[in-house]
Amino acid sequence: MGTHITLSPGGYAATLTVDHDIDDRARPAIEGAATGLPLSVRRVTLDLARVGFVDSALLHLLLTVDGDVTRRGGMLRIVGLRAQPRRLLALAADVRPEANWKVYLHSPGPN
């Protein structure tokens, strides 16, 4: 259990696979793994296929990681978005559309 990191050959892309729910207790470790990636990493994929529950900590996590990746000239994407996390992002997109949460809703669902 935890967060597993897989770097692509050449180190330009990374996948962070999260194996547990995301709340304020789990967020710092996931954020640390994502923001501690080598500067060569420009594409970060957050694999949430094993995450069944999230709270607002996911929104904080996405803002932090997306900001870090964007400053590097890269992009963040999510894969494996399950029903409850998808509902939270849809609600966030309705309440704060200027934050562009909808971009994450276009991510592929669970494998």
Side-chain angles (χ1 to χ4, degrees):
M1 298 263 298
T3 302
H4 309 283
I5 302 170
T6 306
L7 285 175
S8 69
Y12 67 90
T15 299
L16 277 73
T17 303
V18 181
D19 291 340
H20 51 74
D21 295 343
I22 299 175
D23 57 19
D24 277 335
R25 289 184 312 253
R27 181 176 56 90
I30 302 165
E31 252 178 40
T35 59
L37 291 168
L39 293 176
S40 61
V41 174
R42 299 283 191 265
R43 292 187 348 213
V44 175
T45 300
L46 188 59
D47 183 349
L48 302 181
R50 296 180 182 155
V51 177
F53 173 81
V54 299
D55 62 17
S56 62
L58 175 65
L59 304 177
H60 292 279
L61 174 70
L62 293 176
L63 288 173
T64 301
V65 175
D66 191 62
D68 185 62
V69 174
T70 299
R71 280 188 291 282
R72 300 171 186 223
M75 65 179 283
L76 169 69
R77 73 180 192 128
I78 297 176
V79 296
L81 200 55
R82 295 173 66 182
Q84 190 274 332
R86 187 175 294 277
R87 283 193 303 274
L88 178 76
L89 284 172
L91 178 61
D94 286 344
V95 173
R96 298 289 305 260
E98 69 277 6
N100 203 23
W101 299 113
K102 284 187 179 185
V103 70
Y104 302 115
L105 291 171
H106 298 294
S107 297
N111 298 332

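FYI, side chains are in, hydrogens and waters are out, and symmetry mates aren't considered; it's all heavy atoms of this structure.
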Would a 4.5 Å heavy-atom cut-off, applied to side chains only, mark H20 and T3 as touching? yes
Could you check if a side-chain atom of W101 sits within less than 4.5 angstrom of a side-chain atom of V95, using non-hydrogen atoms only? no
For the pair R96 (side chain) and A92 (backbone), establish whether a donor and an acceptor sit closer than 3.5 Å, ignoring hydrogens and angles. no
At what distance, to the nearest 0.5 angstrom, does CG of L58 lie from OH of Y104? 9.0 Å
Are L63 and I30 co-members of a hydrophobic cluster defined by side-chain heavy atoms under 4.5 Å apart? yes
Taking the side chain as everything from C-beta on, heavy atoms only, tell me whether L16 gets closer than 4.5 Å to L37. yes
Which distance, rounded to the nearest 0.5 Å, do you find between the CD of E31 and the CG of L62? 9.5 Å
Over all heavy atoms of both residues, which pair between A33 and I5 is shortest? Give the atoms and the distance, please. CB-CD1, 3.8 Å
Mind checking whether T15 and V79 have side chains closer than 4.5 Å, heavy atoms only? no
Heavy-atom closest contact (A26 atom, D21 atom, distance): CB-O, 3.6 Å
Distance in Å, L105 CG paired with L81 CG, rounded so as to fall on 0.5 Å steps: 7.0 Å
Within the structure provided, determine whether L89 and L59 are in side-chain contact (heavy-atom separation under 4.5 Å). yes
V54 and Q84 have their tightest heavy-atom pair at N-OE1, 2.7 Å
What one should report as the nearest heavy-atom pair of A14 and L7 is CB-CD2, 3.6 Å
dist E98:CD -> N100:CG (nearest 0.5 Å) comes out at 10.0 Å
Ignoring hydrogens, what is the shortest heavy-atom contact between R82 and V51? Give both atom names and the distance. CD-O, 3.3 Å
If you measure from CZ on R77 to CG on D66, what distance do you get to the nearest 0.5 Å? 14.0 Å
Looking at every non-hydrogen atom in both residues, tell me the closest pair between R72 and T35 and how far apart they are. NH2-O, 3.7 Å
Does atom CZ (R42) have a neighbourhood of more than 12 heavy atoms from anything else shown, all under 6.0 Å? yes
Under a 4.5 Å cut-off applied to non-hydrogen side-chain atoms, are L61 and L46 in contact? yes
Separation between CE (M75) and OG1 (T45), nearest 0.5 Å, reads 8.0 Å
